[in-house]
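Have a look at the structure below, then the notes.
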There are 2 protein chains.
Amino acid sequence: MEKQTITIYDVAREASVSMATVSRVVNGNPNVRPDTREKVLKVIEKLDYRPNAVARGLASHRTTTVGVLIPDLTNIFYASLARGIDDVATMYKYNIILASADAAKNKVDTVLESILAKQVDGLIFMGPHLSDSTRKELERSKTPVVLAGTVDPLDKLGSVNIDYVAAVKEATQRLLSTGNEHIAFVTGAMTDPINGQYRLKGYQAALSEAKIAYDESLVFETEYSYRAGEAIWDAVKRSGATAAVITDDELAVGFLNGANDGHTRIPEDFEIITSNNTMLTEIVRPKLTSIAQPLYDIGAVAMRLLTKMMNKEEIEQKTVLLPHSIITRSSTK
Amino acid sequence: MEKQTITIYDVAREASVSMATVSRVVNGNPNVRPDTREKVLKVIEKLDYRPNAVARGLASHRTTTVGVLIPDLTNIFYASLARGIDDVATMYKYNIILASADAAKNKVDTVLESILAKQVDGLIFMGPHLSDSTRKELERSKTPVVLAGTVDPLDKLGSVNIDYVAAVKEATQRLLSTGNEHIAFVTGAMTDPINGQYRLKGYQAALSEAKIAYDESLVFETEYSYRAGEAIWDAVKRSGATAAVITDDELAVGFLNGANDGHTRIPEDFEIITSNNTMLTEIVRPKLTSIAQPLYDIGAVAMRLLTKMMNKEEIEQKTVLLPHSIITRSSTK
DNA sequence: ATCATAAATGCAAACGTTTTTACAATTTTC
DNA sequence: GAAAATTGTAAAAACGTTTGCATTTATGAT
């Protein structure tokens, strides 16, 4: 009663051809006469033969599997990217080994190791921070890697993003344009390059162009979660800010509700711009003005880029910047 | 420059032992003398040897990989289950091959086939409906399967759920208790057993016990999405209902905002109970009263159950019902 | 010491494919 | 009609492990 599997050998025998020929048929190799192909296909059908991907992977050194590292499955931002990744992966016949790796918990390297052991053909990395040890691990494995929705400050790996500097600058300018002089910047860990090196720069650039002094006490560093947003509202309000650029929707939504529940009127008394334009921005009241990133596309393009790398195709540019915009809703004047 | 990999053979040679011994060391087989183990470990360290999981899978017929089918990654309900699954999988050293398979698009069987080809040791199936062809495919593969957050009307496969009949019955009773006589039931496809056979039954049971005639025109069948909720609000309102039981949070949130934007006061003029108690219920205003399902746990327990099946351990019961409750918030009186 | 037993190791055959090589059969070319 | 080129097929060697079995070495009781 054990898994008695039909192998390529059974098919070969039954069709009176060699295993090699069956393999060719299965893989669409043109060097097979139409009638033998036909004959083999008949037998495959009859025996209901299914190639074993593991054996195939061992023999061919290709597993048609890619690893995907995601910090948090339940964060809509990452889930949206993942959907783009998944769709394109399926399109190109790749399976995805997904692993969530909370950077905070130092799980990344362990998880990565287990994924690499599975001989994935490529890897997509989401999440804000790529540690040195992770980078080293990746290099040693020589597996093609693309970052999705996160930057590589060393600019060595493939990556797909929007221009975070410009986006945050525009968002800040939008708030400046309605007369705000004290604009808070609420974001995640500054050690993440995307925050500390890119977004912050955009924020500062906008202020500087408007001849407003950068005030560190208006920068709030917290984590990306609803609760964190609720929690930080009071502090931001007390800082004297009259508007905020927030870099994550869950955070922004928590923040907004903190304001709502504290009876501050949005946008009359306080304006908010968030950054990811996920469904959340439309669910809350007032709806949130947001930087619009093409989330699905970032994932999709990242995966597409990865397929090229895995095929060793020529890559015109390994850092792709997708367009962004600002969608005005009701949390700004 | 090609991937010159260190194999078990290299380690064996360098440590002057046989491959078998190295294999034993790597796999923690106790039949190795401490000092040889030590010696081998040193060499492994020195050569930075990493076992190839594909070869391992071929030789041992175990891949330490499980397949996970998810209908929609961006639906927080499923994402929450997935997180539970992922955590437990990691705990037991399994990797996850994740595939999203929109049942609507008939992708399920194709995707499933590709996953099974990868020789996964087990499979977790989410999503409301298990078609006959899918079921057949699963049976033929003899792969252990657990359904998470969905029922098996034939009661053949493992599954982890709450008692959907009781939960919806209680939710309906909650609405009856505040005097509602026309309660709408807003849900997904009735062809999905979880809706047509379980939840509906709970709804009907509550009505019947309250001696209220079941009125089919109060049952609304739509899809699980924010837009669908917004869209259906008017129809429900026009039906004369004064309250609704809704079986998906995104749907409920859309519905709520439809009501809000149409200036119906919740809960004064219309009461709502939703079903999944995701973060969304706390994000909207008024916050939504909800059936509370232990989402993370459903996923976690499902994965745990699957590990037992994969180990061929004795299973006390293959259908697990986890406790539920009703969390009262502000969308009910 | 001696033998029986148990523990540690090695040998070599799987595992189910792909891929290389070689050759036979066919087709093309002149 | 022979030589050359092409095509179709088979045989066998990888791929990097695990594992059953045989063999060697250690252990302990006599």
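Below, read A as the first sequence line, B as the second, and so on, with proteins coming before strands; counting in each chain starts at 1. These numbers come from a predicted model, not from an experiment.
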Problem set entry | Under 4.0 angstrom between B:Asn31 side-chain N/O and C:dA8 OP1 or OP2 | yes
For this session: Between protein and nucleotides 13-24 of chain D, map the contacts as a letter string: B base, S sugar-phosphate only, - none, heavy atoms under 4.0 Å, written 5' to 3'.
Result: --BBBBBB----
For this session: May I have the step-by-step check of side chain to side chain contact (heavy atoms under 4.5 Å, CB included) for A:Arg56 and A:Thr64, ending in yes or no?
Result: CA-CA 10 Å; A:Arg56 210 194 270 238; A:Thr64 58; over 6 Å; no
For this session: Figure out the CZ/C1' separation between B:Arg33 and D:dT25, and round it to whole Å.
Result: 8 Å
Exercise. Taking atom types as modelled, is there a side-chain donor on A:Thr65 or A:Asn95 under 3.5 Å from an acceptor on the other?
Worked result: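 Not at all, the side chains of A:Thr65 and A:Asn95 share no donor-acceptor pair under 3.5 Å.
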For this session: Using modelled atom types only, decide if a donor and an acceptor are shared between the side chain of B:Asp86 and the backbone of B:Ala82 within a distance under 3.5 Å.
Result: no
For this session: Please report the C-alpha distance between A:Val66 and A:Ile124 in whole Å, then the side-chain angles of each, then the deciding distance to 0.1 Å, and finally whether the side chain to side chain contact (heavy atoms under 4.5 Å, CB included) criterion is met.
Result: CA-CA 8 Å; A:Val66 302; A:Ile124 296 210; 5.6 Å; no
Exercise. Is A:Tyr296 close to A:Asp87 at the side-chain level, that is, under 4.5 Å between some pair of heavy atoms?
Worked result: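 The answer is yes, as the side chains (C-beta and beyond) meet within the 4.5 Å cut-off.
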